[in-house]
Amino acid sequence: MGGSSAYDGTGIGIAILDSGIAPNHVAFSSLNGSGSRIQVNMDFTGENRTDDPYGHGTHIASIAAGNGAVSSGAYIGIAPNANLINLRVLNSQGQGTTSGLLSALDWLMTNHTAYNIRVVNMSLGGAAINSYKNDPLCQAVRRLVNAGVVVVAAAGNDGKDSNNNKIYGAIHSPGNEPSAITVGAANTFGTDERSDDGVTTYSSRGPTRSYYTDASSVKHYDNLVKPDLIAPGNKIIDAQSPGNYLVTTYTALDANVSNSVNKDQMYLSGTSMATPVVAGAAALLLQANPSLTPNLVKSILMYTSQQLHYFNTFEQGAGEVNIEGAMRLAKLVRTDLSSTTPVGDPLLCMTCTAPVPQTTIGNYTFGWGQGLVMDYTFATGLNLLTKYQKIYGLGVLMGDGTTVNSSGVLMSDGVMMSDGVLMSDHIMTSTGVLMSDGYPFISCGVLMSDGVLMADGVLMSDGTLKSDGVLMSDGLLTSSGVLVSNGTTQAQNAVINGDPTQTMPALPDSPANLTGTGASISQINLTWADGSNNESGFRVERCQGAGCTNFVEVGNVAANTMSLSNTGLLTNATYIYRVRAYIQGGNSAYSNTVQVATLPSAPTAPSTLAAKAVSASQISLTWADNATNEDGFLIERSTDGVSFTQIATVVANTKTYSSTGLLAVKKYYYRVRAYNKGGNSGYSNSAYATTSR
């Protein structure tokens with residue numbers, strides 16, 4: 001994260017406006033084990049519950065702030081110790097009302113300070129019909145942003161039709177609100193390297209097509225450049241709420257990584273999954289530098305993002321989020337900035353130098369895009385990084401930095417922006433380097449005009465999208481509860497199936513409760529609990545000696561097997577074992593370790609046993625100890641010299657015993673043998689004596 005300090009979102013509140021959060025899932029416990037990080041649970045659906053029967057909100061919350069308790073961090077969230085505020089606005093079918101969402105936003109406006117809610121995640125949306133200037137959802141979002149709260153919204157999943165044609169202009173509300181950080185979905189193709197990343201086919205593209213109608217019945221479209229950023233959103237594995245609608249209806253979504261309902265994970269795809277990646281990143285930035293305004297958080301995330309080759313600004317915005325670079329930059333920004341800071345003043349701390357604008361992730365080094373999405377264009381220039389811009393403050397929009405001159409040319413506003421900031425004349429298709437590189441897609445002047453837009457995809461005309469105020473998760477749009485558009489079906493397909501490309505493997509949860517028992521001088525038996533139900537098998541590793549660490553694999557057993565007999569071992573030797581499950585794509589975390597020893601060899605038999613009567617009721621025994629590894633001796637007695645019964649056990653190195661409570665003038669026979677964990681020795685010679693009268 002650009003330094004030695006660990007950042008995990010501690011102290012930052014992230015509000016999740018979704019279908020609820022499963023309260024008992026291990027992903028939401030505190031990193032120190034002190035309890036749940038869900039600070040508030042409220043229902044705005046009328047169902048009077050705050051858990052997650054639909055299954056969407058739990059998944060979203062864990063992407064933003066899951067603690068990584070499953071599979072040793074394979075599914076850890078971006079800000080794993082941030083606090084969560086669960087505001088349930090989507091019901092058991094994943095639907096909600098505009099009024100319910102507005103009530104939740106009003107609650108946030110009143111209570112955000114009390115819970116230090118610095119970030120709001122809205123992985124939901126409806127068709128953006130009304131201009132952001134008039135849309136009550138957009139107005140509510142704007143109030144929160146002006147109050148210092150970062151609002152992150154999904155772009156939507158309407159990027160293509162059933163014939164896989166690209167669709168432009170399908171950004172959802174409130175993602176059409178310029179103050180929100182609107183997020184599209186990237187596809188990582190299942191690799192850590194970012195060189196192969198792309199935009200998913202279903203991610204909604206800009207520009208925004210919400211509008212208002214003037215007194216002459218002329219429609220004026222917003223035509224804002226959106227999304228602002230993209231983040232991984234294809235086939236994301238994260239927390240699964242127990243028995244939820246999505247996974248029970250579409251069973252292939254179950255990742256089957258754990259046998260525990262409170263540890264299980266599921267797949268989902270969409271801009272809904274990309275949004276909490278950015279929300280979690282915002283929480284980390286605010287932990288590192290609490291003085292950041294929402295516009296500064298947005299600007300830092302955009303400036304440091306990675307431009308993806310072959311994708312235009314309507315598809316990727318400023319680029320794919322780059323948390324490493326954003327954190328490195330956020331920690332350099334001055335903490336004393338205010339509304340009175342003059343434009344052009346230093347943005348970075350007085351002793352700080354501008355960071356190198358590149359990042360290495362997964363052995364792949366890429367340059368930052370070094371640009372900001374504005375309203376009808378994007379801005380570039382080093383001064384965005386080194387000088388304070390008024391658009392970074394509270395109560396303004398990024399687009400306030402642009403103005404149209406008398407010739408109708410879009411240019412930088414000298415009051416809001418310093419010199420040295422350049423505005424593009426075109427929306428670009430990127431070469432994957434700087435945001436300003438590439439080739440023109442369309443002129444920015446087109447966005448400033450009203451009417452119909454046509455790019456390289458599908459004509460976006462009036463009446464394509466409909467809404468009756470119903471909100472759906474993952475960009476599903478309904479009218480009176482009935483699917484009304486081809487785009488709706490496509491959006492749902494995106495959620496369930498994603499793009500049909502490679503994804504990260506669903507690593508199984510680790511085995512648990514590994515125990516071992518020395519079975520013989522050369523065998524140790526192991527047993528464990530199977531923590532998953534998707535493993536291909538288990539790998540058993542061993543090292544020799546107390547405290548050893550040089551493990552090697554000594555066994556490989558099939559799935560659902562929970563035991564192994566390890567043979568051919570040294571006698572009376574100590575071994576340490578561990579076990580992990582595996583699938584073709586990788587291994588689980590290790591189980592606990594267990595230290596076990598093989599049994600020692602049986603001791604050598606004692607000899608020269610002698611018996612002597614001491615009294616009428618006592619006989620004393622002596623013998624020679626011929627072993628060095630006995631745990632003790634077993635003493636047996638008989639009255640006929642044939643049928644012996646064990647009468648006593650004495651500790652190691654003992655060579656005498658007094659047999660008492662005997663009958664007078666009676667002959668008794670004795671024999672002795674040594675024993676240890678490896679077994680018993682042979683018998684000593686037999687000796688006898690007769691008690692006196």
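Numbering of residues begins at 1 and proceeds along the displayed sequence.
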Assess Arg205 against Tyr168: is NZ or CZ under 6.0 Å from the centre of the six-membered ring, and within 45 degrees of the ring's axis? yes
Non-hydrogen atoms of Ala128 and Ser173 that approach each other most closely: CB-N, 3.7 Å
Please test Thr271 against Asn157 for side chain to side chain donor-acceptor pair (under 3.5 Å), starting from the C-alpha separation and ending with a verdict. CA-CA 6 Å; Thr271 60; Asn157 295 333; 3.2 Å; yes
Closest heavy-atom contact between Ala79 and Gly9? CB-CA, 4.0 Å
Where the side chain of Thr429 meets the backbone of Asn312, is there a donor-acceptor pair that is under 3.5 Å apart? no
Closest heavy-atom contact between Asn86 and Gly20? OD1-CA, 3.4 Å
Gap separating the CG atom of Asn234 from the CG atom of Leu268, nearest 0.5 angstrom: 11.0 Å
Modelled atom types, side-chain donor and acceptor of Thr208 and Asn176, under 3.5 Å: no
Return the minimal non-hydrogen interatomic distance between Asn322 and Gly325, and the atom names on each side. OD1-N, 3.2 Å
Which atom pair, heavy atoms only, marks the closest approach of Val421 to Ala379? CG1-CB, 3.8 Å
Stepwise side chain to side chain donor-acceptor pair (under 3.5 Å) check, Glu324 with Thr359: CA-CA 7 Å; Glu324 186 280 331; Thr359 292; 2.7 Å; yes
Here's a test for you: under side-chain contact (heavy atoms from CB on, under 4.5 Å), which of Leu332, Thr386, Leu337 qualifies with Leu347? Leu337
Heavy atoms of other groups near Asn363 CG, more than 12 under 6.0 Å: no
How close do Thr503 and Tyr267 get, counting heavy atoms only, and between which atoms? CG2-CE2, 4.1 Å
SB check Lys298 Asp228 (cutoff 4.0 Å): yes
Are Asp400 and Lys390 within salt-bridge range, i.e. N to O under 4.0 Å? no
Test of understanding: with side chain to side chain donor-acceptor pair (under 3.5 Å), list the residues that count as partners of Glu177, not counting sequence neighbours. Arg142, Ser179
Does Phe441 have its ring centroid less than 6.0 Å away from the ring centroid of Phe311? no
